[in-house]
Novice: 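One structure is given below, represented as structure tokens, and several questions about it will come after.
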Amino acid sequence: MLFRSGLYAHGSSLSPARVKVSGAGLDLGDPQIRESLNLFIGSPAEGSAPFSLARLEQAGTLDFSAELTLPMPASPATSAAPSLELDLSVHLDRIGPESAPILEKMEGGGHYDGTAWRFDSLQAELAGSRVVLNDILLQPGSEHNWLEARLSVPSLPIDEPHLQHFLDAHTLESLLGEMGCSGEIECTDMRLELTRQADATIGIHLKGPVTLREVSLRLGLPVIVHRAKDVALDLFYENGRVRAAARVRDLDGEVAGRKLSKTGLQITYLEPRLTIEALDGRFEGGHLRSIGHSGSAPSVFFSLDLEEPYAFSLAGEMIDVDVSQLLRGIFNSDFANRGKIKAKIELSGRLSDLMGIRGTGSLRLTDSGLWAIPVFQAIFAQLGFESAAIFSRFDARFAVTQGKIKMDDIRLKSDLLSLVGSGTLDMKGDLHHDLEVHYSLVDRLGPINWILYQIQRRLLRITVRGNLDRPEACGRASCRERV
């Protein structure tokens with residue numbers, strides 16, 4: 001450690017006196033040096049609680065040069081306040097405890113004008129990831145914003161080492177554990193503000209664009225964000241709690257392995273609730289979006305409490321989605337699945353109580369050939385249809401209650417006939433459906449054929465039992481013979 005000092009006075013006796021002091025290699029492990037530094041960086045406003053950042057453990061060295069100006073009084077009865085300017089160069093090994101440092105390898109230089117610090121740039125590492133702070137304004141005496149800066153992080157992994165100092169333990173566990181969140185964030189020229197809190201902790205405000213890369217998480221279904229660029233983020237961390245809002249304009253990703261692209265949405269997080277609103281994007285040849293409701297507020301697509309009992313709600317619709325892509329990989333064969341699907345669903349409940357989930361919805365398939373689905377195979381085989389059969393439309397309304405999907409107004413229509421009925425599907429995949437056959441040719445039958453049709457119609461009722469993997473379908477007469 002090296003010190004140099006000098007006293008300079010120029011001109012007349014009224015010229016100010018200047019004291020210059022410089023030093024290099026000041027060790028922040030020395031309590032006296034750290035205490036002196038806190039006078040310029042960590043001192044709280046008068047009457048406020050000691051600031052926690054001033055008490056953080058630090059390791060490394062400082063170089064400085066200071067000039068104290070002592071102006072001569074205009075008269076013996078007056079006095080003039082001295083002024084201090086200080087230049088500082090930091091070479092910090094770490095800020096924070098050695099076992100879990102907040103920042104490491106910090107380098108940069110700044111100037112103190114007597115009221116505030118200004119740094120052009122500071123560079124550091126956060127758990128091995130490069131962090132750059134530009135245009136830094138540090139105001140030790142401020143009661144509000146203690147630090148303002150522009151923040152850039154080229155690559156920030158979503159994991160515990162990188163997030164542990166900025167999220168409370170409960171939120172971090174929910175994010176990384178229950179939601180299984182992982183991936184990478186890029187921050188470019190974000191606005192960073194550090195504020196003093198009433199309990200002497202640090203408040204954080206981040207605002208600006210971020211880019212998400214290969215982010216995966218579980219929201220009931222697995223979600224992967226391959227890329228979402230220029231996400232407008234506004235995040236606050238105050239008094240140990242997080243609140244945030246984000247606007248996504250062009251998301252490219254997957255939901256349960258199905259492609260989602262060119263998607264816009266809004267995300268809000270008010271601890272503990274995560275909410276996705278105003279979702280609208282391309283989804284497997286069609287669209288996926290929030291169900292619109294009256295009023296000016298954005299429509300909620302999905303919300304989830306990140307704590308027990310994990311209350312959630314869902315309100316979404318698919319429009320003209322390709323059936324073959326939607327059902328890809330679910331059944332043994334995909335070749336005979338074709339057509340378009342339109343569906344609405346609204347659900348609410350608790351993920352910790354699947355039997356308590358409630359909801360309603362509707363479903364419509366058009367120009368569909370569903371031979372690859374075992375249930376339809378069994379029905380079509382009972383009717384004598386081949387795999388090439390096309391149904392012009394399949395409609396159904398359903399309700400979810402007590403662990404069962406109750407389907408009403410089932411209508412499966414082709415050029416030859418229609419199937420009409422209702423049934424239930426439970427959590428185990430067990431089926432219990434009853435369908436009637438209605439021939440489309442009835443309007444063109446003569447009187448005698450019409451009477452024969454009415455007699456035959458009573459015999460053409462199809463029951464579907466078994467489960468989704470091994471369904472059993474039979475006509476009414478066949479069922480009696482089996483009994």
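Side chains are part of it too, since the values below use all heavy atoms of this structure and drop only hydrogens, waters and symmetry mates.
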Novice: Check the surroundings of atom CZ in Arg249: do more than 12 heavy atoms from other residues, nucleotides or ligands lie under 6.0 Å from it?
Specialist: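 No, because the 6.0 Å sphere around CZ of Arg249 holds 12 heavy atoms or fewer from other groups.
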
Novice: For Arg150 and Asp135, what are the C-alpha separation, side-chain angles and deciding distance, and is it a salt bridge (Lys or Arg N to Asp or Glu O under 4.0 Å)?
Specialist: CA-CA 6 Å; Arg150 313 297 300 188; Asp135 301 330; 5.6 Å; no

Novice: Quick one: does Ser216's side chain get under 4.5 Å of Glu214's, heavy atoms only?
Specialist: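 No; the side chains remain at least 4.5 Å from each other.
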
Novice: Which is it for Arg94 and Glu57 under the salt bridge (Lys or Arg N to Asp or Glu O under 4.0 Å) test, yes or no, and what are the steps along the way?
Specialist: CA-CA 8 Å; Arg94 59 180 168 82; Glu57 186 178 336; 3.0 Å; yes

Novice: Check whether more than 12 heavy atoms from other residues, nucleotides or ligands sit under 6.0 Å from atom NZ of Lys340, and answer yes or no.
Specialist: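 Correct, the count exceeds 12.
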
Novice: Does Asp27 reach the main-chain N or O of Asp30 with its side chain, forming a donor-acceptor pair under 3.5 Å?
Specialist: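 Here the side-chain-to-backbone pair does not exist.
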
Novice: Determine whether a donor-acceptor pair (N or O, by modelled atom type, separation under 3.5 Å) exists between the side chain of Ser99 and the backbone of Pro97.
Specialist: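 No; zero donor-acceptor contacts below 3.5 Å.
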
Novice: Looking only at non-hydrogen atoms, find the nearest pair between Ile345 and Ile291 and report the distance.
Specialist: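 Scanning both residues, the minimum pair turns out to be O-CD1, 3.7 Å.
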
Novice: Calculate, to the nearest 0.5 Å, the distance between atoms OG and CG belonging to Ser290 and Asp280 respectively.
Specialist: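 The CG atom of Asp280 is 8.0 Å from OG of Ser290, to the nearest 0.5 Å.
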
Novice: Where do Arg258 and Leu327 come nearest, in terms of heavy atoms and distance?
Specialist: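 Where Arg258 meets Leu327 most closely, the heavy atoms are NH2-C, 3.6 Å.
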
Novice: Using atom types as modelled and distance alone, determine if a side-chain donor or acceptor of Ser174 lies under 3.5 Å from a backbone N or O of Leu306.
Specialist: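 Yes; judged by distance alone, with no hydrogens or angles, the pair exists.
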
Novice: Should the pair Tyr112 and Trp117 be assigned to parallel (<30°), tilted (30 to 60°) or perpendicular (>60°) ring geometry?
Specialist: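 Answer is tilted, since the angle falls between 30° and 60°.
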
Novice: Got a salt bridge between Arg118 and Asp113, using NZ or NE/NH1/NH2 to carboxylate O under 4.0 Å?
Specialist: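 Counted as a salt bridge, because a side-chain N and a carboxylate O are separated by less than 4.0 Å.
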
Novice: Does the side chain of Thr61 reach to within under 4.5 Å of the side chain of Leu26, using non-hydrogen atoms?
Specialist: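 A side-chain contact under 4.5 Å is absent here.
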
Novice: Are Ser155 and Glu184 close enough that a side-chain donor and a side-chain acceptor fall under 3.5 Å?
Specialist: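 Side chains of Ser155 and Glu184: pair found under 3.5 Å.
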
Novice: Kindly give the heavy-atom pair with the smallest separation between Lys344 and Phe398, and that separation in Å.
Specialist: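 Smallest interatomic distance, heavy atoms only, reads O-CZ, 3.9 Å.
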
Novice: For the side chain of Arg328 and the backbone of Leu326, is there at least one donor-acceptor N/O pair under 3.5 Å apart?
Specialist: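 Judged by distance alone, no pair lies under 3.5 Å.
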
Novice: Under 3.5 Å, is there a donor-acceptor pair between the Glu271 and Thr171 side chains?
Specialist: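 Result is yes, a qualifying pair exists.
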
Novice: Using a 4.5 Å cut-off on heavy atoms from C-beta on, say whether the side chain of Leu363 contacts that of Phe394.
Specialist: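 Result yes, sub-4.5 Å side-chain heavy-atom pair found.
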
Novice: Tell me whether Asp87 at atom CG has more than 12 heavy atoms from other residues, nucleotides or ligands lying less than 6.0 Å away.
Specialist: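 Yes, the 6.0 Å shell around CG holds more than 12 heavy atoms from other groups.
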
Novice: State, to 0.1 Å, how close Asp322 and Gln325 come at their nearest heavy-atom pair, and which atoms those are.
Specialist: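 That closest heavy-atom pairing would be OD1-N, 3.0 Å.
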
Novice: Is there side-chain contact between Leu28 and Leu62, with heavy atoms separated by less than 4.5 Å?
Specialist: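 Result yes, sub-4.5 Å side-chain heavy-atom pair found.
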
Novice: Quick one: does Asp63's side chain have a donor or acceptor within less than 3.5 Å of a partner on Gly25's backbone?
Specialist: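 Between the backbone of Gly25 and the side chain of Asp63 there is a qualifying donor-acceptor contact (under 3.5 Å).
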
Novice: Report yes or no: does Arg213 contribute a side-chain atom to a donor-acceptor pair with the main-chain N or O of Thr211 at less than 3.5 Å?
Specialist: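 No, the answer is negative, given that no donor and acceptor are paired below the 3.5 Å cut-off.
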
Novice: Using modelled atom types and a 3.5 Å cut-off, is there a donor and acceptor pairing between side-chain atoms of Arg289 and backbone atoms of Ala278?
Specialist: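 Checked: no pair found.
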
Novice: Which is it for Asp426 and Lys404 under the salt bridge (Lys or Arg N to Asp or Glu O under 4.0 Å) test, yes or no, and what are the steps along the way?
Specialist: CA-CA 4 Å; Asp426 66 20; Lys404 294 182 179 181; 6.0 Å; no

Novice: CE/Met318 to CD1/Ile341 distance, rounded to the nearest 0.5 angstrom?
Specialist: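 Here the interatomic distance stands at 4.5 Å.
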
Novice: Within this structure, what is the SG-CG distance for the pair Cys187 and Leu151, rounded to the nearest 0.5 Å?
Specialist: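 With rounding to 0.5 Å, SG (Cys187) is 5.5 Å from CG (Leu151).
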
Novice: Quiz question: by atom type and distance under 3.5 Å, do the side chains of His162 and Ser129 form a donor-acceptor pair?
Specialist: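 Yes - a donor-acceptor pair under 3.5 Å links their side chains.
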
Novice: Using a 4.5 Å cut-off on heavy atoms from C-beta on, say whether the side chain of Asn467 contacts that of Leu431.
Specialist: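 Result no, sub-4.5 Å side-chain heavy-atom pair not found.
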
Novice: So Glu148 and Arg191, salt bridge (Lys or Arg N to Asp or Glu O under 4.0 Å) or not? Walk me through it.
Specialist: CA-CA 7 Å; Glu148 299 176 10; Arg191 182 70 176 173; 2.6 Å; yes

Novice: Can Thr188 and Ser152 be counted as having a side-chain donor-acceptor contact under 3.5 angstrom?
Specialist: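 Not at all, the side chains of Thr188 and Ser152 share no donor-acceptor pair under 3.5 Å.
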
Novice: Pair Met190, Leu233 - check side-chain contact (heavy atoms from CB on, under 4.5 Å), show working.
Specialist: CA-CA 9 Å; Met190 293 190 73; Leu233 176 66; 4.0 Å; yes

Novice: In chain order, what residues pass the ring pair (Phe, Tyr, Trp, His ring centres under 6.0 Å) check against Tyr269, with sequence neighbours excluded?
Specialist: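 Residues passing ring pair (Phe, Tyr, Trp, His ring centres under 6.0 Å) with Tyr269: none at all.
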
Novice: Do the side chains of Glu307 and His170 get nearer than 4.5 Å, heavy atoms only?
Specialist: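 The answer is yes; the side chains approach within 4.5 Å.
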
Novice: Do Arg282 and Thr263 get their side chains close enough for a donor-acceptor pair, meaning under 3.5 Å?
Specialist: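 Arg282 vs Thr263: no donor-acceptor pair found between side chains.
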
Novice: Could you check Ser65 against Lys20 for side-chain contact (heavy atoms from CB on, under 4.5 Å), going step by step and ending with a plain yes or no?
Specialist: CA-CA 7 Å; Ser65 64; Lys20 293 186 176 180; over 6 Å; no

Novice: How many angstroms lie between CG in Asp320 and OG1 in Thr366, if you round to the nearest 0.5 Å?
Specialist: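 It is 7.0 Å, given to the nearest 0.5 Å.
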
Novice: Between His165 and Leu103, is there a donor-acceptor pair closer than 3.5 Å when you use the side chain of the first and the backbone of the second?
Specialist: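 No, His165 side chain to Leu103 backbone: no donor-acceptor pair under 3.5 Å.
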
Novice: Can you list every pair that meets side chain to side chain donor-acceptor pair (under 3.5 Å) and has a residue in residues 239-248, with sequence neighbours left out?
Specialist: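 Those involving residues 239-248 are Glu238-Arg243.
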
Novice: I need the minimum non-hydrogen distance between Arg358 and Gln402, along with the two atoms involved.
Specialist: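 Scanning both residues, the minimum pair turns out to be NH1-N, 3.2 Å.
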
Novice: Hey, what do you get for OG (Ser313) to CZ (Phe302), rounding to the nearest 0.5 Å?
Specialist: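 Output value for this atom pair is 7.5 Å.
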
Novice: Let me confirm one number: the CD-CZ distance from Glu308 to Arg350, rounded to the nearest 0.5 Å.
Specialist: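 Separation between the atoms: 10.0 Å.
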
Novice: Could I get the full list of side chain to side chain donor-acceptor pair (under 3.5 Å) partners for Lys259, not counting sequence neighbours?
Specialist: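 Partners of Lys259 under the side chain to side chain donor-acceptor pair (under 3.5 Å) test: Asp252.
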
Novice: Take Thr275 and Ile267 through the side-chain contact (heavy atoms from CB on, under 4.5 Å) test and state the conclusion after the steps.
Specialist: CA-CA 6 Å; Thr275 303; Ile267 302 174; over 6 Å; no

Novice: Should Leu219 and Ile276 be marked as a side-chain contact (heavy atoms from CB on, under 4.5 Å) after you check the CA-CA gap, both sets of side-chain angles, and the distance that decides it?
Specialist: CA-CA 11 Å; Leu219 296 174; Ile276 298 174; 4.0 Å; yes

Novice: Taking atom CZ of Arg397 as the centre, does the number of heavy atoms from other residues, nucleotides or ligands within less than 6.0 Å exceed 12?
Specialist: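 At most 12 heavy atoms, drawn from other residues, nucleotides or ligands, come within 6.0 Å of this atom.
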
Novice: Out of the candidates Thr69, Thr115, Val19, Leu68, only one should pair with Leu84 under the side chain to side chain contact (heavy atoms under 4.5 Å, CB included) rule; please name it.
Specialist: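 Between Leu84 and the candidates, side chain to side chain contact (heavy atoms under 4.5 Å, CB included) is satisfied uniquely by Leu68.
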
Novice: Less than 4.5 Å apart, any side-chain heavy atom of Trp146 and any of Leu138?
Specialist: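 Yes, at least one pair of side-chain atoms sits under 4.5 Å.
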
Novice: For a 4.5 angstrom cut-off between non-hydrogen side-chain atoms, does Leu274 reach Met179?
Specialist: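 Leu274 reaches Met179 side chain to side chain.
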
Novice: If you look at every heavy atom in Ser121 and Val132, which pair is closest and at what distance?
Specialist: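 Between these two residues, the closest heavy atoms are OG-CG1, 4.2 Å.
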
